[in-house]
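The structure appears right after this line, and notes come after that.
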Amino acid sequence: MSGIDGWQTAIPRSWTVRPLRSVAEYAVSNVDKIPSDDELPVRLCNYTDVYNNETIHLGMEFMAGTATQAEIDKFHLLTDDVVITKDSESWDDIAIPALVTETADDFVCGYHLAMIRPDPEKLVGAFLFRCLQSKTLRIQLELAANGITRFGIPKNAIGSMALPVPPTPIQRAIARFLDRETADIDALIAAKQLLLELLAEKRRAIVAEAVMRGLNPAARLRPSGIEWLGDIPVHWEMKRSKWLFHERDERSTDGSEVLLSLRMERGLVPHNDVSDKLTRPEELIGYKKTSVGQLVVNRMRAATGLIAITTQDGLVSPDYAVFWPSLEISADYYVHMFKTPLLQAVFRSESTGLGTGSQGFLRLYSENFLALWFPYPPLDEQRRIVRHIATETAKIDRLRATTEHSISLLKERRGALIAAAVTGEIDIPEAA
């Protein structure tokens with residue numbers, strides 16, 4: 001579906017369908033991020049600036065770079081230009097547009113982007129921007145993209161893209177209509193996303209309160225003796241991790257077992273269910289065995305809560321840690337505890353190794369984990385806490401799912417509205 005013959009949607013009589021090259025100029029940028037003393041300083045509009053924003057303006061922070069005078073002359077961005085992402089790791093996530101609403105003499109289009117400059121007598125930039133937001137039209141560029149692990153749009157495909165071209169007053173009216181209507185939808189989406197954040201915070205608070213203070217808000221407290229923990233119910237004990245967990249380090253000799261992968265939301269799942277990269281048995285020799293009911297910790301990401309209970313026998317990465325829980329504890333209770341922001345901070349502080357940034361190559365080694373002290377409620381209370389968490393978080397999760405579904409519907413409505421407006425399928429009062 002590329003070119004004039006590929007787009008079949010009917011349009012109003014006063015409109016035409018034309019190739020983009022007949023109503024706009026376009027160029028694929030080759031201005032890279034590598035500075036050079038022989039070049040002039042510029043501000044670069046980069047891939048993420050376009051991918052994450054609908055408009056490009058001078059209130060944004062741009063990367064400082066350099067470019068030759070010839071590059072500045074060719075790729076200097078002007079108001080009403082539309083910039084699109086030229087490359088992507090997925091063919092159906094390509095040609096994402098942004099509209100330039102402000103510019104400066106040193107503002108240049110960067111690498112992995114294509115800039116489109118409408119002929120002002122034929123095409124309005126704000127209308128072109130909405131056309132490129134429409135899946136109905138943008139799919140022409142998606143299908144023209146080539147590649148295997150990374151996809152790119154050939155330059156000639158941009159020029160061949162078939163565009164609906166109404167008279168410019170109608171283009172402006174459609175752009176104004178969509179600005180107004182999408183702003184209303186975006187406000188609804190933002191409100192629902194705020195609700196999701198509040199639900200997530202409430203969920204975290206329910207879990208943290210239950211695992212650290214128990215279910216009785218009137219229970220008497222006593223100092224735990226651990227600075228990061230503070231007070232605990234007076235009848236709770238404190239026990240060292242090595243009394244609650246025993247490390248297992250048994251390796252596969254033939255790699256015949258099922259490889260399991262640790263995922264944040266799903267826990268331990270078969271690797272082949274979540275990855276296209278299949279593994280051969282000989283590649284799994286030396287991987288760690290794990291059995292139902294054991295605790296598995298991703299040592300590099302323990303501080304993000306990547307911890308789960310094994311639900312089927314199999315193998316895990318040699319860089320994971322595997323522990324047998326004591327028969328005197330509820331492993332689910334401790335997994336809930338380990339996923340709280342407080343314990344994640346503790347795990348981060350106890351992680352060691354090489355690296356930079358918040359994680360780098362730091363790991364929560366088993367000796368550090370087993371040396372920690374944790375609250376130890378009576379076993380029956382641990383189980384009650386787990387049931388309470390399951391009941392209360394299920395309510396929140398149902399509301400979250402409903403809210404996420406409503407956001408999806410709003411986004412679909414937004415996309416359908418844009419597509420219908422730019423192809424003339426709906427009447428725009430001010431465009432009549």
Side-chain angles (χ1 to χ4, degrees), residues 1-24 26 50 53-55 80-85 91-99 101 114 116-145 153 157-190 192 405-432:
M1 185 186 288
S2 61
I4 294 292
D5 294 334
W7 184 52
Q8 301 296 329
T9 303
I11 57 173
R13 289 186 177 182
S14 63
W15 296 28
T16 61
V17 177
R18 304 177 66 176
L20 183 140
R21 67 168 63 90
S22 70
V23 291
Y26 58 97
V50 174
N53 299 280
E54 290 198 343
T55 59
D80 226 30
D81 285 353
V82 175
V83 187
I84 63 172
T85 57
W91 70 270
D92 59 353
D93 187 31
I94 210 163
I96 305 301
L99 177 67
T101 59
I116 306 172
R117 181 159 297 156
D119 180 338
E121 294 184 359
K122 301 174 183 177
L123 186 63
V124 175
F127 177 78
L128 172 62
F129 162 68
R130 294 299 185 182
C131 287
L132 287 163
Q133 278 195 319
S134 165
K135 189 76 169 180
T136 302
L137 303 178
R138 194 176 70 244
I139 196 170
Q140 298 174 75
L141 297 179
E142 293 176 353
L143 294 177
I153 308 170
I158 299 173
S160 300
M161 179 183 182
L163 283 178
V165 184
T168 53
I170 294 179
Q171 294 181 38
R172 294 189 183 94
I174 291 173
R176 289 193 298 270
F177 167 80
L178 288 175
D179 285 347
R180 183 174 63 251
E181 295 298 317
T182 58
D184 290 342
I185 295 173
D186 291 343
L188 287 173
I189 292 174
K192 290 179 179 294
H405 180 63
S406 66
I407 290 175
S408 296
L409 292 177
L410 284 170
K411 289 180 176 180
E412 289 178 11
R413 177 185 169 190
R414 189 185 197 275
L417 179 66
I418 292 171
V422 299
T423 57
E425 293 181 18
I426 58 175
D427 292 327
I428 308 300
E430 57 257 54

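From a predicted model like this one, the values you see are computed outputs, not experimental measurements.
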Before you tell me yes or no, could you show the steps for Ile174 and Val124 under side-chain contact (heavy atoms from CB on, under 4.5 Å), namely the whole-Å CA-CA distance, both residues' side-chain angles and the distance that decides it to 0.1 Å? CA-CA 10 Å; Ile174 291 173; Val124 175; over 6 Å; no
Does any non-hydrogen side-chain atom of [Y] lie less than 4.5 Å from one of [X]?
X: Val17; Y: Val165; result: no
X: Leu178; Y: Val422; result: yes
X: Leu132; Y: Met161; result: yes
X: Lys135; Y: Asp92; result: yes
X: Ile170; Y: Ser14; result: yes
X: Phe127; Y: Pro166; result: yes
X: Ile428; Y: Arg176; result: no
X: Leu128; Y: Pro97; result: no

Taking 4.0 angstrom as the limit, do Glu181 and Arg130 come out as a salt bridge?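 So Glu181 does not pair with Arg130 through a salt bridge.
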Derivation of the side-chain contact (heavy atoms from CB on, under 4.5 Å) call for Leu417 and Arg414: CA-CA 5 Å; Leu417 179 66; Arg414 189 185 197 275; 5.8 Å; no
Would you find a donor on one side and an acceptor on the other, under 3.5 Å apart, between the side chain of [X] and the backbone of [Y]?
X: Glu425; Y: Ala419; result: no
X: Thr168; Y: Lys122; result: no
X: Asn53; Y: Thr55; result: no

Residue among Val82, Ile84, Ile158, Asp81 satisfying side-chain contact (heavy atoms from CB on, under 4.5 Å) with Tyr26: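 With Tyr26 as partner, Val82, Ile84, Ile158, Asp81 yield a single side-chain contact (heavy atoms from CB on, under 4.5 Å), made by Ile158.
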Counting only heavy atoms not in Asp427 (residues, nucleotides, ligands), do more than 12 fall under 6.0 Å from its CG?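 Count not over threshold, so no.
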